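So the structure is just underneath, and the comments pick up after that.
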Amino acid sequence: MKHQYLVTAAAIAMGCALSATAFAGGPVDEQLVIDGEIEMTTRTESVEGHPLDEVISGWHYRTKETRALEADTFENPAMLYVEEGQDIWNTVEGTEGKSCATCHGDASESMAGIGAHYPKWDADSGRPINIELQINKCREENMGAEPYAFDKGGQKPLTAFIKHQSLGQPVSLDLAEGEMQSWWEKGEELYYTRTGQLNLSCATCHENYNGYYIRADHLSQGNANGFPTYRLKQASLVSIHNRFRGCIRDTRAEFPAAFSDELMALEVYVTWRGTGLSVETPAVRQ
Amino acid sequence: MVFSTRKWLAAGAAIVATTAVAYSETAPGDVAIEDGVVTESLTGQPGDAMAGRATFADRKLGNCLACHAVSDQSEQLFHGEVGPELDGVGDRWSTEELRAIVVNSKAIFSDETIMPGFYSLDVGVHVREDLVGKTILTAQQVEDVVAYLATLKE
């Protein structure tokens, strides 16, 4: 009985190895060039200490039609939000009578490359902040305006507009700043922690099974380089913390608040995993 | 007063539990997996293969199709490829082995397997509040799915 069981188990292990090559959709072998001009790095050797040899953008796991939408800024539905973000950039708000442009001028110069290095250490609050929180900081401290609530007001379009100024730039974080390293470590721990009734971690899906279909969904490595991302399913922009919460919810777990220590640590770690990939904001996903 | 109300509730719970025992349903913590098998039916009743077939596909129940393809359900649009195809799985494993796999795959394959334990309380952290202490499938649903798997012969 026991012997038979072991033999069966071995047969299954072989079956798995075979199906990996026989059925897995895997990432497509193509290059993303935006508007026929900007050559994007969507596959690259991973940074030292990374568990995978190669990091691959979620773009490679999407359908031909979805990939085409991202390659053409006229077709990319999220560019409307980027334009909305540009308007917000130039709009005066708050008691100080200032807009973003009052201090930062032309975003195509002042914000070029900036979004590729967030989250970064914020000495004032003693924690890492992302673009969303940097915007809120400017609104409160410099404009005399209310901070945006999560995913509300101009938060998503303005974040997308700022990140878009780094289109094509390689993601890289400075983990030497402040206590970034310990936040990275906390993020790593969370990445491998199984949550919920389904008992899955980020790594279970995105590290062990990227390239496979899970029902109708083609699993990618779950990189953050395209956020805020346009999701066709939702027909709108989706923020990175919204995506994290959605993935955690799918494990049938309670999910942490947006901008909580947990999700900021996860953002530091997940963004780091995508080191070297081009910023794709606004990416188009399913 | 509050105390005695609690006591009363506890007594109520005990009665519910007793009722469950009357149907001889094995609680998740009491299922013995030994040598890769669960020998006894969890409910003392035979499973219903047709009900199991539906549970297998239902996204809110087994959602087994998320990870396993099976030709018997070709009417369903999407079959996942994370786990092995289940055609002929009833030849490869006995009913007792299949029951153990569905109850708690972690005890059969490895702690690291992606496959959830469908009648196990060995779950991840921060389980959604309304699901705490609950298994993914009921004992009868497990028996139904096992009966269905046993029909998958080549």
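Fair warning: this is a prediction, and the values are worked out from it, not measured in the lab. Excluded from the calculations below are hydrogen atoms, water molecules and symmetry mates; all remaining heavy atoms, backbone and side chain alike, are included. Letters go in sequence order (proteins before strands), and every chain restarts at 1.
- Between the side chains of A:Glu207 and A:Tyr192, a donor-acceptor pair is found at a separation under 3.5 Å.
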Working for side chain to side chain donor-acceptor pair (under 3.5 Å), residues B:Tyr148 and B:Asp48: CA-CA 7 Å; B:Tyr148 172 61; B:Asp48 172 346; over 6 Å; no
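- Heavy-atom pairs under 4.5 Å with chain B were tallied for A:Thr251, A:Thr195, A:Leu219, A:Leu198; the largest tally goes to A:Thr195.
- No side-chain donor-acceptor contact under 3.5 Å links A:Arg273 and A:Asn223.
- A:His241 has its side chain within reach of A:Met264: a pair of non-hydrogen atoms, C-beta onward, lies under 4.5 Å apart.
- In summary, B:Lys106 and B:Asp122 do not engage in a salt bridge, as defined by a charged side-chain N under 4.0 Å from a carboxylate O.
- For chain A, the option among B:Gly80, B:Ser120, B:Ala66 with the highest count of heavy-atom pairs below 4.5 Å is B:Ala66.
- Residues of residues 127-138 of chain B that come within less than 4.5 angstrom of chain A, heavy atom to heavy atom, are B:Val127, B:Arg128, B:Glu129, B:Leu131, B:Lys134, B:Thr135, B:Ile136 in numerical order.
- When each of B:Cys67, B:Ala69, B:Gly124 is checked for heavy-atom pairs under 4.5 Å with chain A, B:Gly124 comes out on top.
- A donor-acceptor contact under 3.5 angstrom links the side chains of B:Gln140 and B:Asp144, judged on distance only.
- The candidate from A:Thr193, A:Ile248, A:Asn208, A:Asn199 with the greatest count of non-hydrogen atom pairs under 4.5 Å with chain B is A:Asn199.
- The distance between the ring centers of A:Phe150 and A:Phe259 falls below 6.0 angstrom.
- No salt bridge links B:Arg99 with B:Glu40; every basic N to acidic carboxylate O contact stays at or beyond 4.0 Å.
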